[in-house]
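Heads up, the thing below is written out as structure tokens.
Both counts, for ligands and for their atoms, begin at 1 and track the order of listing.
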Amino acid sequence: MEKSKIGLVGLAVMGQNFALNIASKGFPISVHNRSPGKIDATVARAKEEGNLPLTGYADVGEFVASLERPRRIVILVKAGAPVDATIAKLVPLLDAGDIIIDGGNEWYPNTERRAAKVAEAGIQYIGMGVSGGEEGARNGPSLMPGGPADAYEAIRPIVEKVAAQVDDGPCVMHIGPGGAGNYVKMVHNGIEYGDMQLIAEAYDIMKRIGGLTNDELGDVFTQWNEGELDSFLVEITSKIFRKKDDQGQPGHLVDYILDKTGMKGTGRWTIQEGAERSVAVTTMNAALDGRFLSGLKEQRVAASSLFTDPPLPKVDKAQLVDDVRQALYCSKICSYAQGMNLIRAASEEHDWNLDPGGIARIWKGGCIIRAGFLDQIKKAYDRNPNLPSLLVDSEFAKELGERQAAWRRVVGLSVQSGIAAAGFSGSLAYFDTYRRASLPANLVQAQRDFFGRHTFARTDREGTFSADWE
Ligand code: NBP
């Protein structure tokens, strides 16, 4: 029997769809899963979706034996211990030169630990971020593989075919060595958190201050999706506002959804990494804090009876909508600037030599943060690969300058109305801090020296100083 080009272990939502995607691009694939039910389901789907070249194996030995050498095996199981368990089952059956590709949302040091361990048996290891959810996995995700460059070359013909395709190529490239692929996927998810928070704030402000109905909000987001905010998340938001309740209640489904946001690990990791590398990730932080506070539903309900809402100001609806659009765009620039700066800091720390313009390019399609805007980010890095921040790119700086009055109006209105907009206001504070030549940090240094003799530098002469403050 002809050997399969590639194997895949883990047939839940992502694995099943990714395996079918690979098969539908003409690469014969073998699949395996811990519990056999998902193998049968995947084989049945492969048949239904056009007799795709996919073979299921309940026995892991038969699965490994069915693969062409060097073997290429994608793992798409739950991140953490299940990945270790899967590797432990596979490694005794593999040979030197074989390649394991973990496609899960993994904490990057885990990938580096596993890569070092399997390298003892001559096996190469790739940590590959996969974004796009179920639909992306099936029809073309954005792929972020990190690990040895020669191992990437061995999977390149396959991943370039299965990834989303955009005007300037497939949404995949060799991200860098070690855990770089997982790292970039982690930052992608942090940015995704930020985008979702900003969109939610735009909704809150337009609904509460502007009095927009769900139908009007649907129209606004549809319109926005045709301009500079064109993106997957804005597009799905416009559809969410149109969806009627599916349980027989009057009105729209969105109004019946409990206001408590769930999360997995990647957003939190991004914030932790920001702190670790001293990179401000204000917008993503606001998103995470927003999720934490949303979880305190009972406390919020109790607190709501203690305080009165400030009166809502009268506004011109059309002007408000246009201002919010601009505030959202400016905040988004800040959020992506923070993400790119985190990527650059990690790249320097780990000697990964990451390419921010290339990363922006592979996020243009397939993934959750896909947006027209990413093309502009790519171009900013083409203009200057060493750009210290997207905020100072000539095009983005011009756009921020033109929109900052609207952005300030929206933040002012939200403060005045008692509507928290930590993403908008945090992004504005980030911008206002970054763009100022002098900050009140001189006073903080003076305090540090006062109580702890931490010393300070002076603006008028070289050296380290400490004062006798009293
Ligand atoms: P899940 O994260 O829900 O994991 C389920 C899979 O893990 C099943 O195949 C299950 O096998 C397997 N598994 C578990 Br649980 N414990 C195992 C063990 N000890 N040994 C072997 N297999 C084990 O699947 P998913 O949602 O498809 O996600 C897969 C990866 O992709 C995750 O890292 C996820 O974070 C990432 N990801 C998910 C999405 C998304 O939209 N869902 C998007 C991007 C990335 P069983 O069938 O025998 O229980």
Just going by heavy-atom distances, which of [options] is nearest to [atom]?
atom: atom 45 (C) of ligand 1; options: N105, T266, N33, T86; answer: N105
atom: atom 32 (C) of ligand 1; options: I368, N189, V77, L76; answer: V77
atom: atom 3 (O) of ligand 1; options: A137, G80, A12, A88; answer: A12
atom: atom 20 (N) of ligand 1; options: E135, K264, R34; answer: R34

- Message: Can you tell me if K185 contacts ligand 1 (heavy atom of the residue under 4.0 Å from the ligand)?
- Response: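 Under 4.0 Å: yes for K185.
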- Query: Should S131 be listed as contacting ligand 1, given a heavy-atom distance under 4.0 Å as the test?
  - Reply: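 Contact check S131 vs ligand 1: negative.
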Atoms in ligand 1 with a heavy atom of [X] nearer than 4.0 Å:
X: A79; value: 33 (O)
X: L11; value: 9 (O)
X: K38; value: 46 (P), 47 (O), 49 (O)
X: G133; value: 41 (O)
X: V130; value: 44 (C), 45 (C)
X: G104; value: 30 (C), 31 (O), 33 (O)
X: G10; value: 9 (O)
X: S35; value: 46 (P), 47 (O), 48 (O)

If you measure only the distance, is there a donor-acceptor pair under 3.5 Å linking the side chains of [X] and [Y]?
X: N17; Y: R45; value: yes
X: Q223; Y: D219; value: no
X: T86; Y: R34; value: no
X: N105; Y: K185; value: yes
X: E399; Y: Q376; value: yes

- For the ring-ring contact (aromatic ring centres under 6.0 Å, His included) test, which of W363, F373, Y329 pairs with Y336?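 That would be F373.
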- Residue list, ring-ring contact (aromatic ring centres under 6.0 Å, His included) with Y57, at least two apart or on another chain: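 Partners of Y57 under the ring-ring contact (aromatic ring centres under 6.0 Å, His included) test: none.
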- Query: Would R138 count as a cation-pi partner of F18, with NZ or CZ less than 6.0 Å from the six-membered ring centre and within 45° of the ring normal?
  - Reply: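 Checked: cation-pi criterion not met.
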- Message: Looking only at protein heavy atoms, which one is nearest to atom 27 (O) of ligand 1, and what is the separation?
- Response: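 For atom 27 (O) of ligand 1, the nearest protein heavy atom is M14 N, 2.8 Å.
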- Task: Note the single closest protein heavy atom to atom 7 (O) of ligand 1, along with its residue, its atom name and the distance in Å.
- Result: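 Sorting protein heavy atoms by distance from atom 7 (O) of ligand 1 puts K78 N, 3.1 Å first.
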- Message: I'd like to know if the side chain of K364 reaches the main chain of A371, judged simply by a donor and an acceptor atom lying under 3.5 Å from each other, with no hydrogens or angles considered.
- Response: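 No.
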- Task: Output all residues satisfying side chain to side chain contact (heavy atoms under 4.5 Å, CB included) with K260, sequence neighbours left out; order by chain, then residue number.
- Result: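 Result, side chain to side chain contact (heavy atoms under 4.5 Å, CB included) vs K260: L258, K297, E298.
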